[in-house]
Amino acid sequence: SGHACPEVSQTTYSLPCSEGYYCPNGTSSQTQYPCPPGTYTGSTSLTSAEECTICPAGRACGWATGISTNPWLACMPGYYCPEGTGSTTAYPCPPGSWSDQSNL
């Protein structure tokens, strides 16, 4: 586990999982199981979604967020992103408040 085995009758694993993905036993593609929104990974050896890291506050992590590939995004101006946010526009600033900054 933590690897993909894309060929029939393989006797050893051949490919590490891609950044932003995890590879449980039986995985046939490096990009078969993406880390869910609100999480990310730079690792290429995860075996379950629970091993994906929670996205930091001020950032948004969509499906399959990695470090060097499909990196997390800054929260949009007018919005804030608590830890574990999956979209840059998930949490608008409440009425009576505003922000022209990103990464909140």
To the nearest 0.5 Å, what is the distance between [atom1] on [X] and [atom2] on [Y]?
| X | Y | atom1 | atom2 | answer |
| --- | --- | --- | --- | --- |
| C23 | Q32 | SG | CD | 7.5 Å |
| I67 | T53 | CD1 | OG1 | 8.0 Å |
| Y40 | N70 | OH | CG | 13.5 Å |
| Q30 | L15 | CD | CG | 4.5 Å |
| L46 | T39 | CG | OG1 | 9.5 Å |

Are Y21 and Y33 an aromatic pair by the rule of ring centers under 6.0 Å?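 No, too far apart.
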Taking the six-membered ring for Trp, are Y91 and Y79 closer than 6.0 Å centroid to centroid?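 When the ring centroids of Y91 and Y79 are compared, they turn out to be at least 6.0 Å apart.
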I'd like to know if C61 pairs up with C35 as a disulfide, counting it only when the SG to SG distance is below 2.5 Å.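 Not so, these two cysteines form no disulfide.
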Measure from the side-chain N and O atoms of [X] to the backbone N and O of [Y], and report whether any donor-acceptor pair falls under 3.5 Å.
| X | Y | result |
| --- | --- | --- |
| T69 | G66 | no |
| S29 | T31 | yes |
| E19 | S43 | no |

Minimum heavy-atom separation for C81 to S87, with atom names?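 Nearest heavy atoms, C81 then S87: SG-O, 4.1 Å.
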What is the minimum heavy-atom distance between T44 and S18, and which atoms define it?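 Looking at all heavy atoms of both residues, the shortest contact is CG2-C, 4.5 Å.
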All side chain to side chain donor-acceptor pair (under 3.5 Å) counterparts of S48, not counting sequence neighbours: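 Result, side chain to side chain donor-acceptor pair (under 3.5 Å) vs S48: E50.
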Side chains of Y80 and P92 in contact at under 4.5 Å (non-hydrogen atoms):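 The answer is no; the side chains never approach within 4.5 Å.
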